[in-house]
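Data block below; observations after.
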Amino acid sequence: MKKQEEIVLVITSKDGIEREVVVTSTEDKFLLQLSAGETYRFVRRIDSKLLPLEQVIGLRSGDDLNLQFNEDESIVLQDYFTLCTEGECVVEIALENTVEGELSYFSLPADYYGMRDL
């Protein structure tokens with residue numbers, strides 16, 4: 001049986017309600033308009049197990065952030081470098097499992113100027 005693997009975006013609203021969006025492989029880039037007060041957490045899921053992401057490439061395009069997870073899966077976070085710089089939202093990437101088996105996360109700093117611009 002083939003394992004089902006996908007990149008999942010877990011969005012937590014200001015009132016703590018979570019919803020999931022699967023970043024699927026499409027010809028068009030997946031666009032996400034960020035909202036103030038929300039947290040966006042990217043993880044890899046194989047079957048039902050949450051795992052760290054193996055590779056993420058981030059490229060700046062104007063005020064948007066393009067995250068490339070592999071050849072086929074990418075997402076554009078619209079207005080990331082304006083909204084998140086002001087601390088209105090948080091974007092996190094799952095990196096590695098801790099000793100206890102839980103994922104640890106890295107917050108993407110929107111004010112980091114070393115990010116490559118498209």
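Since we're looking at a predicted model, the values are computed, not measured.
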Is the side chain of Glu6 donor-acceptor paired with the backbone N or O of Val8 at a distance under 3.5 Å, no angle test?
-> no
Does the side chain of Leu95 reach to within under 4.5 Å of the side chain of Tyr105, using non-hydrogen atoms?
-> no
Minimal heavy-atom distance between Cys89 and Ser35, with the atoms involved, is CB-O, 3.9 Å
Does any N or O in the side chain of Ser13 come within less than 3.5 Å of the main-chain N or O of Ile17, such that one atom is a donor and the other an acceptor?
-> yes
Please lay out, stage by stage, how Gln78 and Asp63 fare under the test side-chain contact (heavy atoms from CB on, under 4.5 Å).
-> CA-CA 7 Å; Gln78 294 181 316; Asp63 287 333; over 6 Å; no
Residue pair Lys49, Glu5: steps toward the salt bridge (charged side-chain N to carboxylate O under 4.0 Å, His left out) verdict = CA-CA 9 Å; Lys49 186 174 181 176; Glu5 182 173 350; over 6 Å; no
Considering non-hydrogen atoms only, spot the tightest contact between Val43 and Leu53 and give its length.
-> C-CD2, 3.7 Å
In Å, rounded to the nearest 0.5 Å, how long is the span from CD of Glu88 to CG of Leu83?
-> 6.0 Å
Distance-only, no hydrogens or angles: does the Asn66 side chain make a donor-acceptor pair with backbone N or O of Leu59 under 3.5 Å?
-> no
Is the gap between the ring centers of Phe69 and Phe42 under 6.0 Å?
-> yes
Distance-only, no hydrogens or angles: does the Arg44 side chain make a donor-acceptor pair with backbone N or O of Pro52 under 3.5 Å?
-> yes
Min side-chain heavy-atom separation Phe81-Leu65 under 4.5 Å | yes
Please tell me if the side chains of Val22 and Arg45 come closer than 4.5 Å, counting only heavy atoms from C-beta onward.
-> yes
Quick one: are Asp64 and Leu77 in side-chain contact, heavy atoms under 4.5 Å?
-> no
Do Glu38 and Tyr40 meet the criterion of a side-chain donor-acceptor pair at a distance under 3.5 Å?
-> yes
Evaluate side-chain contact (heavy atoms from CB on, under 4.5 Å) for Ser74 paired with Leu67, printing each intermediate quantity in order.
-> CA-CA 6 Å; Ser74 67; Leu67 295 178; over 6 Å; no
Drop me the distance from Glu92's CD to Leu9's CG, to the nearest 0.5 angstrom.
-> 11.0 Å
Contact check, side chains of Ile93 and Leu108, non-hydrogen atoms, under 4.5 Å = yes
Assess the side chains of Gln33 and Asp79: does a donor N or O sit below 3.5 Å from an acceptor N or O?
-> yes
